[in-house]
Colleague: 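Submitted below is the structure of interest, expressed as structure tokens.
Any value given below was found using the heavy atoms of this structure, including those in side chains, with hydrogens, waters and symmetry copies removed. Here the structure is a predicted model, which is why all the values come from computation and not from measurement.
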Amino acid sequence: MPELPKDYDPKIAEPKWERFWEEQGIHVHEPTPQSVTIDTPPPTVSGRMHIGHASSYAQQDFYARFHRMRTGGKVFFPFGTDDNGLATERLVERTKGVKSSRMSRKDFRELCMQTIRELKPEFVADWKRIGMSCDFSRTYSTIDHRAQATSQRSFLDLFRKGLVFRQETPVSWCPLCQTAIAQAEFENVEMQSTFNDIAFSCEGEPLVIATTRPELIPAVVAIAAHPDDARYAGLAGKKATVPLSGHEVPIVFDEKVEMEKGTGIMMVSTFGDKDDVEKWYKHSLPLRVVFTRDGKLNALAGRYEGLTIKEARKQALEDLKAQGLVLQSRQITHAVNVHERCGTEIEFLKTPQWYIRVLDRKEELLEAANGIAWHPPHMKVRYDHWVENLGWDWCISRQRSFGVPFPVWHDKRDGTIHVADESQLPVDPFVDKPSSVPQAEWEHLEPETDVMDTWATSSVTPQIALGWNDDPERAERLLPMTVRPQAHDIIRTWAFYTIVKSLSMHGTVPWRNIAISGFVTDPHGKKMSKSKGNVVAPQDMIEKYSADAIRYWAAGAKLGDDIPYQEKELVSGKKTATKLWNASRLALASLEGYAGFDGAHADLETADRWLLGRLGALVAACTRAFEEYDHTRAKFALEQFFWNDLCDNYLEIVKGRLYEPKQPRERASAQFALLNALETVLKLLAPFMPHVTEEIYAHLPAADEQGGKARSIHLSAWPLAQQSWRDEEAERVGADMVRVIEAVRKHKSAKAMSMGAPVGALRVRSPADLSAVKADLLSVTRAASLEWEEGEFSVEIG
RNA sequence: GAGCCCGUGGUUUAGCGGUAUAACGUUGCCUUCACACGGCAAAGGUCCCCAGUUCGAAUCUGGGCGGGCUCACCA
């Protein structure tokens with residue numbers, strides 16, 4: 001019998017098994033329509049993995065490993081990294097000390113590619129090191145050729161369906177990043193601001209308007225009041241004169257003006273915010289743009305030209321004060337939309353952009369979400385809410401350089417748009433030419449300079465992973481995928497955009513299930529962030545406690561629930577692994593000479609049938625929990641069984657029969673139950689603790705696995721919930737037996753006796769007949785004798 | 001301003017109609033015979049508050065209070 005060494009060292013064993021899995025291709029799987037397919041989130045290459053990643057990816061891996069065992073290896077679990085777009089540009093600028101604006105597009109793109117190549121191996125290593133069972137042999141990047149081709153093909157598909165359009169319209173703009181951004185990239189920040197009452201004039205009469213943005217006064221195109229506001233009814237048809245610049249603007253009436261706010265009458269400029277944009281459209285107002293793309297003021301702003309928005313704000317206010325036009329100023333705190341990546345206040349700029357239609361498809365998008373099972377169900381509300389409140393179509397163009405290029409050229413002569421042919425993807429319009437256009441015409445073409453939003457590509461992760469670009473029909477047979485695991489912060493982006501794309505491209509939802517994980521917070525439930533300095537490096541924790549311990553901790557967090565991170569909680573995973581190791585050591589050592597139990601289930605000793613009955617219930621509970629994405633319930637049930645039933649009670653009960661059997665048969669009975677329990681517990685625990693269970697599994701006797709032992713526990717068959725193991729009578733007897741053991745322990749503890757110390761005669765009364773387990777009870781309690789009679793439970797110890 | 005989630009011993013948490021689960025921590029005892037990274041035992045809870053439904057509520061309903069998250073508010 002293969003003996004287990006005394007100690008288990010995860011520092012050696014874990015990397016060893018990770019190499020084994022990879023070398024043996026344990027997780028490699030070519031998907032078929034019967035496969036369980038997982039739309040793994042590609043993490044953004046950014047330094048290193050953090051503890052939040054560790055926990056949410058561990059949770060995904062639980063399902064992958066469970067289903068892999070259940071389906072005999074038919075789990076498609078791809079891995080990719082997201083490494084294009086603004087986040088990557090910023091990473092490259094930071095680590096290389098460069099500015100993209102000072103480099104050529106070509107050089108910057110090359111530097112980005114090179115930087116990713118440098119950082120990626122170490123970055124991906126962290127994912128392997130927490131035991132992710134992804135198929136790393138097909139790791140993709142959202143900027144590699146296949147991803148670019150897939151993204152471009154998706155664009156062409158939508159373009160040909162009329163779901164993509166190009167329009168010059170006011171768009172949310174980040175003056176720092178100098179690009180358009182989408183609604184989903186807004187972040188709200190409370191800011192201090194000054195609300196100023198400014199005197200405009202109307203036919204010689206003062207007209208007081210409150211604003212926080214005096215620098216926008218030169219951009220004012222109208223004054224607006226509520227149609228029901230009696231104070232301003234008389235202004236109908238009149239013109240107001242704008243201070244500083246002196247131009248005249250019409251007075252319009254609009255229900256959206258709040259009468260109670262400020263002075264009840266407001267200026268409309270092009271553009272201060274979303275409402276200005278709305279009024280501009282609604283009242284067909286002229287355009288007076290005072291900003292440039294980099295957030296400075298232009299010639300139309302007169303003497304403010306060249307100042308930044310903030311400088312101009314200050315200067316304009318001073319000028320107005322000097323002219324006595326500021327009647328009142330008060331400090332207020334108000335919410336301002338900023339760009340989530342850089343914190344810069346968002347402006348609106350009329351520029352040509354590419355959009356995907358979503359606004360007129362809200363119904364369809366809401367309906368689609370009903371076709372996906374949300375885990376937990378309440379997370380769907382966030383999606384619904386987002387869709388209901390969409391204010392813009394999805395702007396997918398970015399005025400940046402490191403992204404997937406649009407497969408588009410413009411004809412200089414008449415602006416005609418030419419797109420690439422599907423067969424030539426991926427294309428870079430700076431380098432390639434559209435095959436549909438005769439060569440003679442190429443000189444008239446100029447490339448589309450914008451690149452796509454990173455979400456325009458990460459929204460096709462199912463298609464990238466399933467190889468849709470190479471074989472669309474096959475990929476479509478594999479859709480929808482089984483599950484999308486992701487965190488709740490990107491429901492409005494990643495989940496939403498993926499649904500938009502899949503509906504548009506294939507007319508189906510991208511996945512049948514979506515499993516939303518929570519966040520790891522600091523011990524007080526606050527978000528972790530670099531700025532708060534409360535981030536935790538999982539690498540250190542792996543070193544200290546093992547990857548299995550971190551995974552075990554992550555298994556304690558329900559889907560959707562945030563987990564407060566407390567280092568001490570990693571201890572329990574480590575202890576569980578050690579306990580498992582030691583229990584296995586005992587079990588394997590006591591299997592010496594075991595050649596199977598020759599008999600039917602009913603021939604097993606009662607205590608053994610009790611254990612197997614409990615085990616059967618455990619298997620059923622764990623299986624159902626995993627099927628329902630409720631890993632915490634599986635963990636809880638396992639923990640109970642393993643520590644209480646198996647270790648504390650059963651192992652103590654059968655030691656006598658294992659070490660000093662009165663007859664070989666009672667020993668074989670215990671060995672049968674013990675081996676089954678051990679093997680089953682290992683398998684049920686394998687999704688949570690893949691390394692230590694693999695190490696122990698390798699030492700299990702080969703003969704006892706039905707159908708032979710698998711190469712890896714992770715390819716072994718998930719245990720069946722054996723109905724034949726359930727045994728009501730044995731479970732009733734077992735329960736009372738445990739009560740007797742507890743009573744004796746309590747007695748010994750009260751007398752300060754060792755648990756191994758002998759006691760005198762036991763007189764036991766209990767509802768269940770304990771005569772069948774008398775020998776086991778005498779052995780575990782070390783009692784001199786035992787007398788049993790039926791009755792209300794009681795134990796007397798002589 | 002709106003929505004969603006949560007509120008159980010010092011901390012984290014299970015249960016979700018019959019007064020409560022476990023871990024960590026605390027205290028005491030126990031080391032030949034898998035494990036002191038262990039075992040046993042003890043102390044510690046008006047299950048946020050109020051009202052209702054019910055024979056009975058931590059569990060259901062309504063209303064508060066507190067925390068977290070999300071969306072809106074940007075003149």
Colleague: What I want to check is whether the side chains of A/Thr211 and A/Asn196 have a donor and an acceptor closer together than 3.5 Å.
Modeller: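 Side-chain D/A pair, A/Thr211 to A/Asn196: absent.
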Colleague: What's the gap between B/rC24 and B/rU19 when it is taken at their C1' atoms, as a whole Å value?
Modeller: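 My reading of the C1' atoms in B/rC24 and B/rU19 gives 25 Å.
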Colleague: Counting any heavy atom closer than 4.0 Å, what does A/Val336 reach on the DNA or RNA strands: base, sugar-phosphate only, or nothing?
Modeller: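 Base, at least one base atom sits under 4.0 Å.
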Colleague: Could you identify the nucleotide paired to B/rC37, looking across every strand shown and requiring Watson-Crick or G-U wobble geometry with both distances under 3.5 Å?
Modeller: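 Check on B/rC37: unpaired, no WC or wobble geometry under 3.5 Å.
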Colleague: Name each donor-acceptor pair under 3.5 Å that joins a side chain in residues 212-223 of chain A to protein atoms two or more places apart or in another chain, with its distance.
Modeller:
from, atom 1, to, atom 2, distance (Å)
A/Arg213, NE, A/Glu215, OE2, 2.9
A/Arg213, NH1, A/Gly272, O, 3.3
A/Arg213, NH1, A/Glu347, OE1, 3.2
A/Arg213, NH2, A/Glu215, OE2, 3.1
A/Arg213, NH2, A/Glu347, OE1, 3.1
A/Arg213, NH2, A/Glu347, OE2, 2.9
A/Glu215, OE1, A/Arg313, NE, 3.2
A/Glu215, OE2, A/Arg313, NE, 3.3
A/Glu215, OE2, A/Arg313, NH2, 3.1

Colleague: Examine distances only and state if a side-chain atom of A/His283 and a backbone atom of A/Leu285 form a donor-acceptor pair shorter than 3.5 Å.
Modeller: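 Side chain of A/His283 to backbone of A/Leu285: no pair is present.
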Colleague: Applying side chain to side chain contact (heavy atoms under 4.5 Å, CB included), name anything that partners A/Gln640, two or more places apart in sequence or on another chain.
Modeller: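 Applying side chain to side chain contact (heavy atoms under 4.5 Å, CB included) to A/Gln640 gives A/Phe636, A/Asn644.
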Colleague: Say we look at B/rU46 and B/rC6: how far apart would their P atoms be, to the nearest angstrom?
Modeller: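 After rounding to an integer number of Å, I get 23 Å for this pair.
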Colleague: So which nucleotide from B/rU70, B/rC71, B/rC73 ends up closest to the side chain of A/Arg382?
Modeller: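 Side chain of A/Arg382 sits closest to B/rU70.
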Colleague: Report yes if at least one side-chain N or O of A/Lys635 is closer than 4.0 Å to OP1 or OP2 of B/rA14; otherwise report no.
Modeller: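 A/Lys635 to B/rA14 OP1/OP2: no side-chain N or O under 4.0 Å.
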Colleague: Quick one: does A/Asn188 reach the base of B/rC73 with a side-chain donor-acceptor pair under 3.5 Å?
Modeller: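 Between B/rC73 and A/Asn188, which were checked side chain against base, a qualifying N/O pair under 3.5 Å is present.
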Colleague: Could you state the atom-to-atom distance from CZ of A/Phe519 to C1' of B/rU70 in whole Å?
Modeller: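 Taking atom C1' of B/rU70 as the reference, CZ of A/Phe519 is at 11 Å.
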Colleague: Under a 3.5 Å cut-off for both contacts, is B/rU46 paired Watson-Crick or G-U wobble with anything, and if yes, with which nucleotide?
Modeller: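 Paired with no nucleotide.
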Colleague: Using the C1' atom as the reference point in each nucleotide, state the distance between B/rU59 and B/rG15 in Å, no decimals.
Modeller: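 Those two atoms are separated by 8 Å.
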Colleague: So what does A/Arg633 touch, heavy atoms closer than 4.0 Å: a base, only the sugar-phosphate, or nothing?
Modeller: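 Nothing, no nucleic acid heavy atom in range.
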Colleague: Look at the side chain of A/Lys558 and decide which nucleotide, out of B/rA75, B/rG15, B/rC71, has an atom nearest to it.
Modeller: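 That would be B/rG15.
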Colleague: Tell me the closest heavy-atom pair linking A/Ile514 and A/Ala495, and the distance in Å.
Modeller: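 Smallest interatomic distance, heavy atoms only, reads CD1-CB, 3.9 Å.
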Colleague: For A/Glu258, which contact category applies under a 4.0 Å heavy-atom criterion: base, sugar-phosphate, or nothing?
Modeller: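 The answer is base, as A/Glu258 lies within the cut-off (heavy atoms under 4.0 Å) of a base atom.
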Colleague: If the P atom of B/rA2 is compared with that of B/rC73, how far apart are they to the nearest Å?
Modeller: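 Looking at atom P only, B/rA2 and B/rC73 are 15 Å apart.
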Colleague: Scan every strand shown for a Watson-Crick or G-U wobble partner of B/rC24, both distances under 3.5 Å, and answer none if you come up empty.
Modeller: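 Answer to the pairing question: B/rG10, which forms a Watson-Crick or G-U pair with B/rC24.
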Colleague: Taking the P atom in each of B/rG66 and B/rC29, what is the distance between them to the nearest angstrom?
Modeller: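 B/rG66 and B/rC29 have their P atoms separated by 47 Å.
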Colleague: When the C1' atoms of B/rG25 and B/rG44 are compared, how many Å lie between them, rounded to an integer?
Modeller: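 It comes out at 11 Å once rounded to the nearest Å.
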Colleague: Among pairs that include at least one residue of residues 549-569 of chain A, which meet salt bridge (charged side-chain N to carboxylate O under 4.0 Å, His left out), considering only residues two or more places apart or in two chains?
Modeller: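 For residues 549-569 of chain A: A/Asp61-A/Arg551, A/Lys544-A/Glu567.
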Colleague: Can you tell me how far P of B/rC4 sits from CG of A/Asp562, to the nearest Å?
Modeller: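 Result: 18 Å.
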Colleague: Would you measure the distance from the P atom in B/rA22 across to the matching atom in B/rG28 and give it in whole Å?
Modeller: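 Approximately 23 Å lies between the P atom of B/rA22 and that of B/rG28.
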Colleague: If pairing requires Watson-Crick or G-U wobble contacts with both distances under 3.5 Å, which nucleotide is the partner of B/rA2?
Modeller: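 Pairing partner: B/rU70.
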Colleague: Which nucleotide, if any, forms a Watson-Crick or G-U wobble pair with B/rA51, using both distances under 3.5 Å?
Modeller: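 In the structure as shown, B/rA51 has B/rU61 as its Watson-Crick or wobble partner.
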Colleague: Checking A/Thr241 now: which residues fulfil side-chain hydrogen bond (donor to acceptor under 3.5 Å, both in side chains) with it, not counting sequence neighbours?
Modeller: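 Partners of A/Thr241 by the side-chain hydrogen bond (donor to acceptor under 3.5 Å, both in side chains) criterion come out as none, since no residue qualifies.
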Colleague: Report the residues that fulfil side-chain hydrogen bond (donor to acceptor under 3.5 Å, both in side chains) with A/Arg745, sequence neighbours left out, ordered by chain and then residue number.
Modeller: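 In terms of side-chain hydrogen bond (donor to acceptor under 3.5 Å, both in side chains), with neighbours along the sequence ignored, A/Arg745 is linked to A/Asn649.
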Colleague: Any chance you could list the contact pattern along nucleotides 26-40 of chain B? Use B for base contacts, S for sugar-phosphate-only contacts and - for none, protein heavy atoms under 4.0 Å, 5' to 3'.
Modeller: --BSS--BBB-BSSB
